[in-house]
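For the single chain, residues carry numbers from 1 onward in sequence order. In what follows, every heavy atom counts, from backbone to side chain, and hydrogens, waters and symmetry copies are set aside.
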Amino acid sequence: MHEMSIALAVIGEVEAAAERAGDVTAVRSVRLEVGELAGVVPDALSFSFELACAGTVLEGAELVVGTLPGRARCEPCAHEWAVGMPPLLSCPRCDGGTTELLSGRELRIADVRWETGPTPEATREPILEER
């Protein structure tokens, strides 16, 4: 299951960015853009992400996964099309087999939402002792 290694890599990148920012107290959400041809199972990635966030500044963060469609272009006739799943990699216009994959294999962090500032002090009510 490579989704765990992807989740760990994403967490590492977000932790590094939070450390560079300096005053991040909690990460609330991470939005990923994943190409439909990247071979990532979104449910497995979400499960892995939740497990891997435990004990980090990302604990409790929401993972939002957006899918980017696969697109290709035929080199002989320049036609572009959505390749779909399973991918159609021969040109639907001229049946050419020399194609360039334009998109669909991406995996990138698109957005991170976090809280900054000092951590609020825990307050507690004094306990009245009985006399």
Side-chain angles (χ1 to χ4, degrees):
M1 175 159 96
H2 70 283
E3 282 81 3
M4 180 57 84
S5 62
I6 293 169
L8 290 169
V10 168
I11 291 166
E13 289 294 321
V14 173
E15 284 180 318
E19 190 172 311
R20 285 190 303 274
D23 60 350
V24 175
T25 57
V27 174
R28 293 297 169 214
S29 68
V30 176
R31 186 169 58 88
L32 298 181
E33 293 178 340
V34 179
E36 70 178 336
L37 304 174
V40 175
V41 178
D43 288 343
L45 180 57
S46 293
F47 178 76
S48 298
F49 182 82
E50 185 177 341
L51 287 177
C53 284
T56 72
V57 71
L58 287 94
E59 187 165 0
E62 175 187 19
L63 179 66
V64 179
V65 179
T67 303
L68 299 173
R71 296 204 49 83
R73 178 179 39 236
C74 177
E75 289 184 15
C77 77
H79 177 65
E80 290 186 19
W81 71 97
V83 297
M85 280 304 284
L88 171 64
L89 297 177
S90 59
C91 180
R93 179 179 288 163
C94 74
D95 204 29
T98 307
T99 60
E100 176 187 4
L101 192 58
L102 302 173
S103 66
R105 297 187 332 180
E106 302 85 352
L107 181 96
R108 64 178 160 249
I109 300 170
D111 185 56
V112 177
R113 306 253 182 222
W114 57 43
E115 293 180 7
T116 58
T119 312
E121 295 283 328
T123 59
R124 99 181 159 90
E125 295 293 320
I127 300 172
L128 299 175
E129 295 181 31
E130 292 184 0
R131 294 186 190 210

Student check: side-chain heavy atoms of Pro76 and Thr98 closer than 4.5 Å: yes
Within-4.5 Å side-chain heavy-atom neighbours: Met85 and Pro87: yes
Check: Glu59 side chain, Gly55 main-chain N or O, donor-acceptor pair, under 3.5 Å: yes
Shortest non-hydrogen contact between Gly96 and Thr99, atoms and distance: O-CG2, 4.2 Å
Distance, nearest 0.5 Å, that separates CG of Leu89 from CH2 of Trp81: 7.5 Å
hydrophobic_cluster_shared for Leu37 and Leu45, side chain cutoff 4.5 Å: no
Expected output: side-chain Glu115 to main-chain Ala26 donor-acceptor under 3.5 Å: no
same_hphob_cluster(Leu8, Leu51) at 4.5 Å side-chain heavy-atom cutoff: yes
Student check: side-chain heavy atoms of Glu19 and Val24 closer than 4.5 Å: no
Close side-chain approach of Arg105 to Leu68, heavy-atom, < 4.5 Å: no
ILVMFWY network linking Phe49 to Ile109, side-chain heavy atoms under 4.5 angstrom: yes
Check: Val41 and Phe47 side chains under 4.5 Å, non-hydrogen atoms: no
Qualifying side-chain hydrogen bond (donor to acceptor under 3.5 Å, both in side chains) pairs with a residue from residues 64-79, counting only residues at least two apart or across chains: Arg73-Glu80, Arg73-Glu100, His79-Arg93
Shortest non-hydrogen contact between Cys94 and Cys74, atoms and distance: SG-SG, 3.6 Å
Distance (rounded to the nearest 0.5 Å) between Glu33 CD and Glu106 CD: 8.0 Å
Hphob cluster co-occupancy, Leu63 + Trp114, side-chain heavy atoms under 4.5 angstrom: yes
Straight-line distance of Arg31 CZ to Arg108 CZ, nearest 0.5 Å: 9.5 Å
Same cluster (ILVMFWY, side-chain, under 4.5 Å), Met4 and Val34: no
Those residues that, when tested against Glu15, pass side chain to side chain contact (heavy atoms under 4.5 Å, CB included) (two or more places apart): Ile11, Thr56, Val57, Leu58
